[in-house]
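Worksheet: one structure, shown below.
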Amino acid sequence: MCGIVAYIGPRKAYPILIKGLQRLEYRGYDSAGIALLNGDLVMHKTKGKVSELEEYVQGKDIEGTIGIAHTRWATHGIPNQVNAHPHFSQTKSLAIIHNGIIENYSSLKEELIKRGYTFQSETDTEVLINLIEDIQLNEGVVLDEAVRIALNQVIGAYAIVILSADHPNTLICARKGSPLVIGIGQDDFFIASDATPIIEYTKNVVYLEDEEVAIVTRNEELKIKSIKNKEK
Ligand code: GLU
């Protein structure tokens, strides 16, 4: 289980995300990646160090005030650029970062393949984001509800953050068996797998509990739900 950083607020997300990934380097990792939303949902990822990611994005689009970033410790699929996080859903309208393991990924994947999904990576994570997209499209539910329904079908451990091209003001995150912290700033939110990347910005932190989904929306109060659907 490796590093998660996400940001939403008035500032440029890229420098905050990169600094956050550097703060998490002590955990060890094999690849790094970032997704940012500024009209288009763009993704950049590399095998190797965060410094290699910084070199890789030179001259590329790194604009946006909302974004997600990850350092991966491979469990499903070799350490390479394709398997690095974030991962897109099939329509490329959703992007996910994930710490942990989806134990029943192979039966979920088989089902999705039958439904016409194709996969770019060997990861369990790409299965989860396509499951969420499939539920969203076929059950006609809002994104956080699709996430909640999908997580009820998942066996395993996860801390996830999802960025959606259709929701430029919201990040959805959830956890079970893998930590996730949300820092509440003056007018922004910082999300990370531990408090190290957050403490320089705010002391006001919420540790998400197991089986909770958080809806993190710009200029709104943090909303936390149980994946079992009991609103808090
Ligand atoms: N199971 C995921 C993968 O192999 C996440 C690994 C991690 O926690 O970094 O891509």
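Just so you know, ligand 1 is whichever comes first in the structure, and atom 1 is the first atom listed for that ligand. Sequence positions, counted from 1, serve as the residue numbers for this chain.
The atoms of ligand 1 that sit less than 4.0 Å from any heavy atom of His98 are 5 (C), 7 (C), 8 (O). Near Thr125, the atoms of ligand 1 lying under 4.0 angstrom from a non-hydrogen atom of the residue are 2 (C), 10 (O). Of all atoms in ligand 1, listed by their number and element, those nearer than 4.0 Å to a heavy atom of His70 are 9 (O). Annotation for ligand 1: atoms under 4.0 Å from non-hydrogen atoms of Asn99 are 8 (O). Taking a cut-off of under 4.0 Å to the non-hydrogen atoms of Trp73, the atoms of ligand 1 that pass are 6 (C), 7 (C), 9 (O).
A salt bridge links Asp188 with Arg11: the closest approach of a Lys/Arg side-chain nitrogen to an acidic carboxylate oxygen falls below 4.0 angstrom. The pair Glu52-Lys49 does not meet the salt-bridge criterion, since no charged nitrogen lies less than 4.0 angstrom from a carboxylate oxygen.
The N/O atoms of His76, backbone and side chain alike, include one that comes under 3.5 Å of an N/O atom in ligand 1. Inclusion of Gly100 in the set of residues having an N or O under 3.5 Å from an N or O of ligand 1 is warranted. In terms of polar-atom proximity, Thr123 is not counted as a contact of ligand 1, lacking any N or O under 3.5 Å from an N or O of the ligand.
Sorted by first and then second residue, the pairs that involve residues 173-184 and meet salt bridge (charged side-chain N to carboxylate O under 4.0 Å, His left out), not counting sequence neighbours, are Arg175-Asp210, Lys176-Glu211.
Ligand 1 has no atom lying under 4.0 Å from any heavy atom of Gly77.
Ring geometry, Tyr105 versus His76: the interplanar angle exceeds 60°, so the pair is classed perpendicular (tilted spans 30 to 60°).
Seen from the ring of Tyr117, Lys109 does not count as a face-on cation partner, given the 6.0 Å and 45° thresholds.
More than 12 heavy atoms of other shown residues, nucleotides or ligands fall within 6.0 angstrom of atom CD in Glu139.
Residue nearest to atom 4 (O) of ligand 1, selected from Ile78, Thr75, Thr71: Thr75 (by heavy-atom distance).
Tyr158 has its side chain out of reach of Ile101: every pair of non-hydrogen atoms, C-beta onward, lies at least 4.5 Å apart.
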